[in-house]
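Worksheet for the structure shown next.
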Amino acid sequence: MEEVRTRFAPSPTGYLHVGGLRTALYNFLFAKKNNGKFILRIEDTDKSRYVEGAVENLIQTLKWCELFYDEGPDIGGPFGPYIQSQRLEIYKQHAEELIKKGHAYYCFCSPERLAALREEQSRLKVPQIKYDKHCLKLNPQEVKNKIENGELYVIRLNVPPNQTVKFHDLIRGEVEFDTNIIDDQILIKSDGYPTYHLANVVDDHLMKISHVIRGEEWLSSTPKHVLLYEYFGWEKPQFAHLPLLLNPDRSKLSKRQGDVAVEEYRAKGYLKEALINFVALLGWNAGDNREFYYLNELIEKFSLEGVNKSGAVFDLNKLLWLNGEHIRKKTVDELLPLLKDELKKSKYASNNFSDDYLKLVISAMQERIDFVHEIITKSYYFFERPNSYEEKAIQKNWKPETPKFLKVLIEEIDLLNNPTKEDFENALNSVAEKLQINKGKLIHPLRLALSGTSAGPGIYDLLHILGKDEVKSRIQIAIQRISEGKIQ
RNA sequence: GGCGCGUUCGUCUAGUGGCUUAGGACGCCGCCCUCUCAAGGCGGAGAUCGCGGGUUCGAAUCCCGCACGCGCUACCA
């Protein structure tokens, strides 16, 4: 069997879109699953849409997601270059070959004539608006003269009438188009650059791509590609057109209705594992009930047969849940560098917390967060003293007798030497017993005193993490506040 | 307008003629656990399988028509 070779071929017109991420992922998964190669090719054939830095960003984002390619612009490979603007001569030669064979021709029509033509056809309500093959009538000498005169020209595909183009799509089955509805596609633009259609077909062939896995928006232009393969005398690759990613209103996923750049999700604190897991399930499933996957497991399970036909709405809720799931499945050691990164970006950047301390905080918070940065926002009291106390919790928990209880507790804690979690628990139990009160009468006011909030990790964890001295100080401060009645 | 593709709970989906009173997940609601909040466990509401015909003893599953949605229809990809 031929080697499986897939490719992700984005245009550098901005940042990596989540739809693009999924296309890249499926190409990657399919290649890896079949011991093949995954290639990155940059399709920068539209100079006007080129965005500075987009290629670097694309590469960086792909690498962040760990979608490593075997051949690509920055790492090279046997079929380079992998940037289309560096392959202009190749496309030109191929276009000329087509002209020689009579499957393509020079066209000198101005954009104005083309626009007028379209308007005319639209007015006459012709079924299919397309080029009228006007320049096909030119004889070789006329063409030669025009070119020598420096007239601008494009090269068009000479689409034959009354034929049916059929091809098999791995996801959609047999698809067929009538050539009468296919326009004489421009292959080479007047600036000498190829259009997507030519460049894509030529490169896929030259780079020995075996499977073209791309978005559904390309399905309608596939017959043009099929024609090209035929005219070049090349074997065509297998096609697989993926369903689109949709906005909540079922229109094509767009910026207006939320974030679309992978970069933005990364910045918001989504884990690459969650993003990959989520996006993999948008339009594909292994036929079982599993929802949680790591990349290597996806490789193991992936198949094109499991890809759906219909578009999928991008549901932020589920992504959020998956992010929390991935956080919960990570070890404290894996989470530590992530927390440190977040800390660097926070107002605590200049503080120096020990790894041991941070690890305790992580284990206390791990199951209470959906984002790593929530360790800092939801439990800031691990990084500084509470700057306020929750009003509702004060009403509920800080009673006139509270200071008295807390004082007894301080005395008891003071007796402890380098206390463990259990020591704190014992101390609290004995105070409750001594005072003849329910533990809750101690725990809730204490939590508020220590954290300023009524929600959070177990009280003994809280005590243990903060440590004896800090606990004492915070209780003192709280007692002060309560007795002063100066509670915010 | 033309052509193409699609249509199962709000969302992602399982389902390829009888195992289906259509299963799972997210979200929502409730209960349990419990020092709080989570996590976890258990349970609930939620889909006349887009609509209408047909084939069949039997259809979400096969066929036909229609509707709706989306994509393409550029010297953009």
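Residue-environment remark: NZ (A:K330) exceeds the threshold of 12 foreign heavy atoms within 6.0 Å. Remark: A:Q395 CD is packed, more than 12 non-hydrogen atoms of other residues, nucleotides or ligands lying under 6.0 Å away. The local environment of CD in A:E433 is sparse, with at most 12 non-hydrogen atoms from other residues, nucleotides or ligands closer than 6.0 Å.
Among the heavy atoms of the strands, none lies under 4.0 Å from A:Y193. Counting non-hydrogen atoms under 4.0 angstrom, A:E291 reaches a base of the nucleic acid. At the heavy-atom level, A:E305 lies nowhere under 4.0 Å from the strands shown. At a threshold of 4.0 angstrom between heavy atoms, the contacts of A:G283 are confined to the sugar-phosphate backbone, with no base atom among them. Base contact: A:P457 has a heavy atom under 4.0 Å from a base atom. Base contact: A:S454 has a heavy atom under 4.0 Å from a base atom. Contacts of A:D178 with the nucleic acid, taken as non-hydrogen atoms under 4.0 Å apart, are absent.
The A:V154 side chain lies nearest to B:C75 when the options are B:C35, B:U11, B:C75. Closest to the side chain of A:S190, out of B:A14, B:C75, B:C72, is B:C75. Proximity note for A:L244 (side chain, C-beta onward) versus B:G71, B:A39, B:C5: the nearest is B:G71.
A:K189 has a side-chain polar atom (N or O) that falls below the 4.0 Å cut-off from OP1 or OP2 of B:C76. Within the structure, a side-chain polar atom (N or O) of A:T45 is placed less than 4.0 Å from OP1 or OP2 of B:A77. For the pair A:N308 and B:U13, the criterion of a side-chain N or O lying under 4.0 Å from OP1 or OP2 is met. For A:K252, a side-chain nitrogen or oxygen approaches OP1 or OP2 of B:C72 to under 4.0 Å. A:R250 has a side-chain polar atom (N or O) that falls below the 4.0 Å cut-off from OP1 or OP2 of B:U11.
One C1' atom belongs to B:U56, the other to B:C64, and the distance between them is 16 Å to the nearest Å. Nucleotides B:U8 and B:G15 are separated by 9 Å at their C1' atoms, to the nearest Å. Rounded to the nearest Å, the gap between the P atom of B:U7 and that of B:U61 is 12 Å. Only the P atoms considered, B:C28 is 39 Å distant from B:A67, to the nearest whole Å. Nucleotides B:C66 and B:G24 have their P atoms positioned 37 Å apart, rounded to a whole Å. Between the P atoms of B:G43 and B:A25, the separation comes to 10 Å (whole Å). If you take atom P in B:A59 and the same atom in B:C19, they sit 11 Å apart, rounded to whole Å. For the P atoms, the distance linking B:A38 with B:C29 amounts to 11 Å, nearest Å.
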**Request:** Run the numbers on A:E43 and A:R41 for salt bridge (Lys or Arg N to Asp or Glu O under 4.0 Å), then give the verdict.
**Result:** CA-CA 6 Å; A:E43 309 220 326; A:R41 183 175 72 222; 2.7 Å; yes

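Between the CG atom of A:L242 and the P atom of B:C12 there is a distance of 16 Å, given to the nearest Å. Rounded to whole Å, the distance from CG on A:L319 to C1' on B:A25 is 14 Å. Rounded to whole angstrom, the span from the CZ atom of A:R290 across to the P atom of B:U13 amounts to 18 Å. At whole-Å resolution of the value, CZ in A:R49 and P in B:A74 are 15 Å apart. Per the geometry, CG belonging to A:N317 stands 16 Å off P belonging to B:U13, to the nearest Å. One interatomic measurement links the two molecules: CH2 of A:W321 to P of B:A38, which rounds to 18 Å at whole-angstrom precision. In this structure, CD1 of A:I186 is placed 18 Å from P of B:C72, rounded to the nearest angstrom. Rounded to a whole Å, the CG atom of A:L187 is 15 Å from the P atom of B:A74.
A salt bridge does not link A:D204 to A:K236: none of the charged nitrogens lies less than 4.0 Å from a carboxylate oxygen. Electrostatic pairing of A:K318 and A:E291 counts as a salt bridge here, judged by a charged N lying under 4.0 Å from a carboxylate O.
In this entry B:A59 has no Watson-Crick or G-U wobble partner, no candidate having both defining distances under 3.5 Å. Both distances falling under 3.5 Å, in either a Watson-Crick or a G-U wobble arrangement, place B:C5 opposite B:G69. In this structure, B:A74 makes no Watson-Crick or G-U wobble pair, since no nucleotide meets both defining distances under 3.5 angstrom. Of the nucleotides present, none pairs with B:A14 by Watson-Crick or G-U wobble criteria with both distances under 3.5 Å. In this structure, B:G43 forms a base pair with B:C29, meeting either the Watson-Crick or the G-U wobble geometry with both donor-acceptor distances under 3.5 Å.
Two residues, A:G458 and A:K309, neighbour RNA chain B, and the one matched to the more 5' nucleotide by heavy-atom proximity is A:K309. Checking A:K378 against A:I171, the closest nucleotide of RNA chain B that is more toward the 5' end is the one next to A:I171.
With no hydrogens or angles considered, a side-chain donor-acceptor pair links A:S251 and A:D249 at under 3.5 Å.
Applying the 3.5 Å distance criterion, the base of B:C5 shares no donor-acceptor pair with the side chain of A:R172.
Between atom SG of residue A:C109 and atom NZ of residue A:K133 there is a gap of 12.5 Å, rounded to the nearest 0.5 Å.
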